[in-house]
Amino acid sequence: MTTATIPVIAIDGPSGSGKGTLCRRLAQQFGFSLLDSGALYRLSALAAQAKGVVFTDGAAVAAVARQMDVSFGADENGAERICLDGEDVTHRVREEKTGELASQVAVLPELRAELVNVQHAARKAPGLVADGRDMGTVIFPEAEVKVFLTASPEERAKRRTKQLQELGKLPADLDPSRMRALTAQVADEIRERDERDRTRKESPLVPAEGALQLDTSSMPAAAVLAEVTALCERKLGIKAR
Ligand code: DC
């Protein structure tokens with residue numbers, strides 16, 4: 001199989017739209033590799049911060065990204081483990097703060113160009129599920145399957161605060177009025193980040209032409225998975241495990 005014939009399933013959309021869960025399940029059931037492109041921007045931001053590089057200096061941030069030593073692995077329970085320059089950053093990389101920093105460095109054309117080859121190198125037989133913002137538009141425009149997920153900022157904020165409770169980072173019995181206030185604040189942050197991701201000049205967050213667009217605000221994750229699985233099976237002529 002030459003690289004050009006290795007199938008790609010490109011899943012784009014903002015964070016909290018259900019992309020991460022969908023991509024992991026698709027990769028599992030088709031036995032494909034998974035590219036978490038957001039993690040590359042998150043790691044680049046953490047590396048730039050550690051080196052004291054200003055986020056407006058595109059060439060310097062790109063140079064840091066070129067030199068960073070990243071390893072994606074799993075701990076003894078099979079849970080994700082990410083190391084950056086010898087330091088375990090598994091939890092830091094997923095923090096809201098890190099997502100915000102990632103969105104800031106993601107506007108830099110030098111960094112985006114630097115990360116193109118890394119992303120192309122993830123395309124391995126028998127196939128790739130690519131999770132990001134510009135998978136179907138810029139990185140893999142030839143992808144056989146393109147999907148664009150959305151969900152309202154309010155719904156995404158609710159999912160995020162629920163996740164924080166599950167992770168024990170917020171009390172499970174948080175007072176309903178405090179919970180509402182917190183969810184509203186998270187929704188505002190989400191709107192701000194969406195605006196930056198959507199309106200940036202370089203590879204903005206927009207649906208690729210021909211992408212299946214799904215609003216997951218009131219769709220259970222299982223229904224999203226079923227619909228995208230059926231599309232992949234039809235387009236790629238393969239069967240889910
Ligand atoms: O998907 P995520 O939340 O891990 O992404 C973090 C940030 O990285 C997001 O705000 C925008 C940026 N990003 C990007 O610009 N292009 C991608 N392909 C993936 C992420």
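When a ligand or atom number is given, it counts from 1 through the structure's own listing order.
For the pair E144 and R234, the salt-bridge criterion is not met [side-chain N within less than 4.0 Å of a carboxylate O]. Here K19 pairs with D131 in a salt bridge; the nearest charged N to carboxylate O distance falls below 4.0 Å.
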Give every pair made of an N or O atom of ligand 1 and a protein N or O atom lying under 3.5 Å apart, one pair per line with both atom names and the distance to 0.1 Å, or write 'none'.
{"from": "ligand 1", "atom 1": "1 (O)", "to": "R133", "atom 2": "NH1", "distance (Å)": "2.8"}
{"from": "ligand 1", "atom 1": "1 (O)", "to": "R133", "atom 2": "NH2", "distance (Å)": "3.4"}
{"from": "ligand 1", "atom 1": "3 (O)", "to": "R42", "atom 2": "NH2", "distance (Å)": "2.8"}
{"from": "ligand 1", "atom 1": "3 (O)", "to": "R133", "atom 2": "NH2", "distance (Å)": "3.4"}
{"from": "ligand 1", "atom 1": "4 (O)", "to": "R42", "atom 2": "NE", "distance (Å)": "2.6"}
{"from": "ligand 1", "atom 1": "4 (O)", "to": "R42", "atom 2": "NH2", "distance (Å)": "3.3"}
{"from": "ligand 1", "atom 1": "5 (O)", "to": "R133", "atom 2": "NH2", "distance (Å)": "3.4"}
{"from": "ligand 1", "atom 1": "10 (O)", "to": "R193", "atom 2": "NH1", "distance (Å)": "2.8"}
{"from": "ligand 1", "atom 1": "10 (O)", "to": "D197", "atom 2": "OD2", "distance (Å)": "3.0"}
{"from": "ligand 1", "atom 1": "15 (O)", "to": "R112", "atom 2": "NH1", "distance (Å)": "2.8"}
{"from": "ligand 1", "atom 1": "15 (O)", "to": "R112", "atom 2": "NH2", "distance (Å)": "3.4"}
{"from": "ligand 1", "atom 1": "15 (O)", "to": "R200", "atom 2": "NH1", "distance (Å)": "2.9"}
{"from": "ligand 1", "atom 1": "15 (O)", "to": "R200", "atom 2": "NH2", "distance (Å)": "2.8"}
{"from": "ligand 1", "atom 1": "16 (N)", "to": "R112", "atom 2": "NH2", "distance (Å)": "3.0"}
{"from": "ligand 1", "atom 1": "18 (N)", "to": "S37", "atom 2": "OG", "distance (Å)": "3.0"}
{"from": "ligand 1", "atom 1": "18 (N)", "to": "R133", "atom 2": "N", "distance (Å)": "3.2"}
{"from": "ligand 1", "atom 1": "18 (N)", "to": "D134", "atom 2": "OD1", "distance (Å)": "2.9"}

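V206 forms part of no hydrophobic cluster, judged by ILVMFWY side-chain heavy-atom separations under 4.5 Å. Other members of the cluster containing L26 are I9, I11, L22, F30, F32, L34, V129, V145, V147, L149, L212, L214, M219, V224, L225, V228, L231, L236, I238, with ILVMFWY side chains joined at under 4.5 Å, either directly or via other members.
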Under the salt bridge (Lys or Arg N to Asp or Glu O under 4.0 Å) rule, what do E100 and R196 come out as? Steps first, then yes or no, please. CA-CA 10 Å; E100 166 60 30; R196 178 161 52 227; 2.7 Å; yes
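Listed by chain and number, the residues in a salt bridge (charged side-chain N to carboxylate O under 4.0 Å, His left out) with D215 amount to none (sequence neighbours excluded).
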